[in-house]
**Student:** 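Following this message is one structure expressed as structure tokens.
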Amino acid sequence: MLHKVNRLSSTPKLVLSSIHSAVINNANVNVESESSFQSINPATGLSVGSVSNCGEKETLSAIASAKDCFKMFKGSLHSSRAKLLIDWADLITKNNRKVAELVTLEMGKPFSESLGEVNYATSFLYHFAAHIRSGLVGEMLTPGMAHWRPVNVKQPVGPVVTITPWNFPVAMVTRKAGAAIAAGCSVINAPSEDTPLVSLCLAKLAVEAGFPPGLFNVLPSTIENKQRIGKILCEDPRISALSFTGSTPVGKLLSKQCADTVKRVHLELGGNAPLIVFETADIDRAVAGTMMAKFKNAGQACNAANRILVQKSIYTEFVGKLAEKFVKLKMGNGMEKGVSIGPLVNSKAYKKVSSIVNGSLAVDVTNVDVISGNKDTSIGDDPFYTPVILSCQENNHLPIFHEEIFGPVAAIYSFDTEAEAVEMANNTRYGLQAYIFTKDMAQSWRVSENLECGMVAVNEGAISNANNPFGGWKESGIGREAGHLGIDEFTEDKLICFGL
Ligand SMILES: NC(=O)c1ccc[n+]([C@@H]2O[C@H](COP(=O)([O-])OP(=O)(O)OC[C@H]3O[C@@H](n4cnc5c(N)ncnc54)[C@H](O)[C@@H]3O)[C@@H](O)[C@H]2O)c1
Ligand SMILES: N[C@@H](CC=O)C(=O)O
């Protein structure tokens, strides 16, 4: 594993120079004040491009455009919505290497993972295209009077705002926009300040795919402007729904801002996933699943394994086998071949992970030990966080047990009984995903039922896909994305009762 990284060892092939404008009503809109900001490549510290820094004026203009578009688009044929989504997905696929390169340049994940994300992202567009072709018609209901004929119809909710994070900057946009557009809604996307160019690239391809003006607008901005933009979008009565993916504290704030207009709020928030390895498990399978669930995207996933709970009888064997795989990880610039761990997205993220690890060591250094890697996090070169496996004997008082790590830190705890494992797993305000490894069928069912979370992966390190719903319980969110449920976030039900 590389500890020191040569930041400039690989010069990006794609360095963009001109200012990249917001996309509103299918047009590139330069910000009046000519304010702009840089998107920074975390692997090199170099600028990937200059981006317009949107403010109130652009936000109001995007709202007006989305509202106008909605008036026309809400009555569009389902087949024409499906065609738009398919054409958009085809164009993204045709440009997959360019889009993937942009992902790696803006947020650092290895290029092969970025390519995988682009494929994952288009799967949502194809999924919702198929979904809308085959359904969303409503249903006949039971009449309350003999001469009544009641029906429940599904209608698009209205213009939708999507606020998206940097960790899956393509897939989090298409998972929302695919469902919203399939439902008949227009969309305003406010991307993360770390990955604005990815969203702008998606908007460019949407225009090429024939999207009508106002259907998909993108408002890039710095975080300072985002706080103002976000408030305007949440409070404007012309916006009917907010779909947010990001941290729990920001989700709570946006939810409060939406309260006055009683907006539909859909929240995909943080996680603190337990990954439980029982003595009944196939250990090799559990090790492979743990590597995937923990180190994919350098641990920067909402559903990353945050607490690895291992039954005492197999602890030594599991940890030994995990350490063997772990030492093969290669950290470096995500554009270099063979790299499996890129930098964290920025210095702030690096400092946050360091503070969780160092804070836990400070609380109880005798009960947190290094199994593989190094305790000294300064060995990495900010924002390259050196991966580490920690053995944590006590749990309840450690920040690492309760906080979302969002970095390549595998914290391993031990337990004696199944009941103890379930209690430890549920000892968190989060409830997004859990992973369990066992060959005992009854145990897998029993434990799955007892876990307080929206998704359980049994003997698998990754289960997210377009066909199945994604979402959390407790402070991990409200609502579902993808699958057969994702479109419900963007529709309203209406009863129409005919008297004969
Ligand atoms: N549940 C899921 O599906 C899912 C998926 C991906 C990421 N996440 C979560 O996202 C977090 C990581 O992403 P992040 O660091 O970008 O989170 P974040 O909450 O800091 O930011 C997410 C988005 O919200 C915006 N934002 C931040 N403050 C805002 C404000 N006051 N008003 C309006 N917008 C604001 C950011 O610009 C960004 O676009 C983690 O907690 C992770 O678990 C959840
Ligand atoms: N990893 C997620 C998104 C959250 O980070 C997914 O599986 O879609």
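Note: hydrogens, waters and symmetry copies are ignored here, and every other heavy atom, side chains too, is used. Predicted, not measured: the structure shown is a model, and the values here were computed from it. Whatever order the structure lists them in is the order used to number ligands and atoms, beginning at 1.
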**Student:** Taking atom 24 (O) of ligand 1 as the point of reference, which of Tyr430, Phe168, Phe244 owns the nearest heavy atom?
**Tutor:** Phe244

**Student:** Classify the side-chain pair Asn28/Ser21 by whether it contains a donor and acceptor separated by less than 3.5 Å.
**Tutor:** no

**Student:** Are Arg264 and Glu492 ion-paired here, with the side-chain N under 4.0 Å from a carboxylate O?
**Tutor:** yes

**Student:** List ligand 1 atoms under 4.0 Å from Leu253, heavy atoms only on the residue side.
**Tutor:** 31 (N)

**Student:** Would you say Ser476 and ligand 1 have an N/O pair spaced under 3.5 Å apart?
**Tutor:** no

**Student:** Once you round to the nearest 0.5 Å, how far does CD1 of Ile232 lie from CD1 of Ile63?
**Tutor:** 7.0 Å

**Student:** Answer yes or no: does an N/O atom from Trp166 fall short of 3.5 Å to an N/O atom of ligand 1?
**Tutor:** yes

**Student:** To the nearest 0.5 Å, what is the distance between NZ on Lys296 and CE on Met291?
**Tutor:** 14.0 Å

**Student:** Could you identify the single nearest non-hydrogen protein atom to atom 30 (C) of ligand 1 and state the distance to 0.1 Å?
**Tutor:** Gln227 CG, 3.9 Å

**Student:** Are Lys109 and Glu117 within salt-bridge range, i.e. N to O under 4.0 Å?
**Tutor:** yes

**Student:** Among all protein heavy atoms in this structure, tell me which lies nearest to atom 9 (C) of ligand 1, with the distance rounded to 0.1 Å.
**Tutor:** Gly246 O, 3.2 Å

**Student:** Verify whether one side chain among Lys252 and Thr248 offers a donor that lies under 3.5 Å from an acceptor in the other.
**Tutor:** no

**Student:** Counting N and O atoms only, with roles assigned by atom type, does the side chain of Thr290 sit under 3.5 Å from a partner on the main chain of Ala286, one being a donor and the other an acceptor?
**Tutor:** yes

**Student:** Ignoring hydrogens, just give me the one of Leu242, Asn225, Thr245 whose non-hydrogen atom is nearest atom 22 (C) of ligand 1.
**Tutor:** Thr245

**Student:** Show your working on side-chain contact (heavy atoms from CB on, under 4.5 Å) between Leu242 and Leu233 and close with a plain yes or no.
**Tutor:** CA-CA 8 Å; Leu242 166 75; Leu233 291 166; over 6 Å; no

**Student:** Specify the closest pair of heavy atoms between Ser186 and Ala66, including all atoms of both residues, with the distance to one decimal.
**Tutor:** OG-O, 2.7 Å

**Student:** Starting from atom 41 (O) of ligand 1, what is the nearest protein heavy atom, named by residue and atom, and what distance separates them?
**Tutor:** Glu404 OE1, 2.7 Å

**Student:** Can an N or O of Lys226 be found at a distance shorter than 3.5 Å from an N or O of ligand 1?
**Tutor:** yes

**Student:** Using ring pair (Phe, Tyr, Trp, His ring centres under 6.0 Å) as the criterion, point out the one residue from Phe406, Phe384, Tyr385 that pairs with Tyr350.
**Tutor:** Tyr385

**Student:** Just which atoms of ligand 1 are under 4.0 Å from any heavy atom in Leu254?
**Tutor:** 32 (N), 33 (C)

**Student:** Considering only non-hydrogen protein atoms, determine which one is nearest to atom 38 (C) of ligand 1 and report residue, atom name and distance to 0.1 Å.
**Tutor:** Thr164 O, 3.4 Å

**Student:** Sequence neighbours excluded, which residues qualify as side-chain hydrogen bond (donor to acceptor under 3.5 Å, both in side chains) partners of Glu56?
**Tutor:** none

**Student:** At a heavy-atom distance under 4.0 Å, which protein residues reach ligand 2? Sort them by chain and number, would you?
**Tutor:** Tyr120, Asn167, Phe168, Met172, Arg175, Ala301, Cys302, Asn303, Ser464, Phe470

**Student:** Which residue supplies the protein heavy atom nearest to atom 27 (C) of ligand 1, what is that atom called, and how far is it?
**Tutor:** Ile223 CD1, 3.5 Å

**Student:** Under 4.0 Å from a heavy atom of Asn167: which atoms of ligand 1 are those, numbered in the order shown and with their elements?
**Tutor:** 6 (C), 7 (C)

**Student:** Taking side-chain hydrogen bond (donor to acceptor under 3.5 Å, both in side chains) as the test, write out the residues that go with Lys474, two or more places apart.
**Tutor:** Glu452

**Student:** For atom 8 (N) of ligand 1, what's the nearest protein heavy-atom neighbour? Residue, atom name and distance, please.
**Tutor:** Cys302 CB, 3.5 Å

**Student:** What distance separates Leu60 CG from Ile229 CD1, expressed to the nearest 0.5 Å?
**Tutor:** 10.0 Å

**Student:** Can you pull out the closest protein heavy atom to atom 1 (N) of ligand 1? Residue, atom name and distance to 0.1 Å, please.
**Tutor:** Leu269 O, 2.8 Å

**Student:** To the nearest 0.1 Å, how far is atom 20 (O) of ligand 1 from its closest protein heavy atom, and which atom is that?
**Tutor:** Ser247 OG, 4.0 Å

**Student:** Report the residues that fulfil side-chain hydrogen bond (donor to acceptor under 3.5 Å, both in side chains) with Ser39, sequence neighbours left out, ordered by chain and then residue number.
**Tutor:** Glu106

**Student:** Does some non-hydrogen atom of Arg175 fall short of 4.0 Å from ligand 1?
**Tutor:** yes

**Student:** Is it the case that ligand 1 has an N or O less than 3.5 angstrom from some N or O of Pro165?
**Tutor:** no

**Student:** Within ligand 1, which atoms have a heavy atom of Pro191 less than 4.0 Å away?
**Tutor:** 39 (O)

**Student:** Does Glu193 reach ligand 1 with a nitrogen or oxygen that is under 3.5 Å from one of the ligand's nitrogen or oxygen atoms?
**Tutor:** yes

**Student:** When you check the side-chain N and O atoms of Asn465 and Ser123, is any donor under 3.5 Å from an acceptor?
**Tutor:** no

**Student:** Considering non-hydrogen atoms only, spot the tightest contact between Gly332 and Val339 and give its length.
**Tutor:** O-CG1, 3.5 Å

**Student:** Considering only heavy atoms of Val250, which atoms of ligand 1 have at least one such atom less than 4.0 Å away?
**Tutor:** 19 (O), 26 (N), 27 (C), 28 (N), 29 (C), 35 (C)

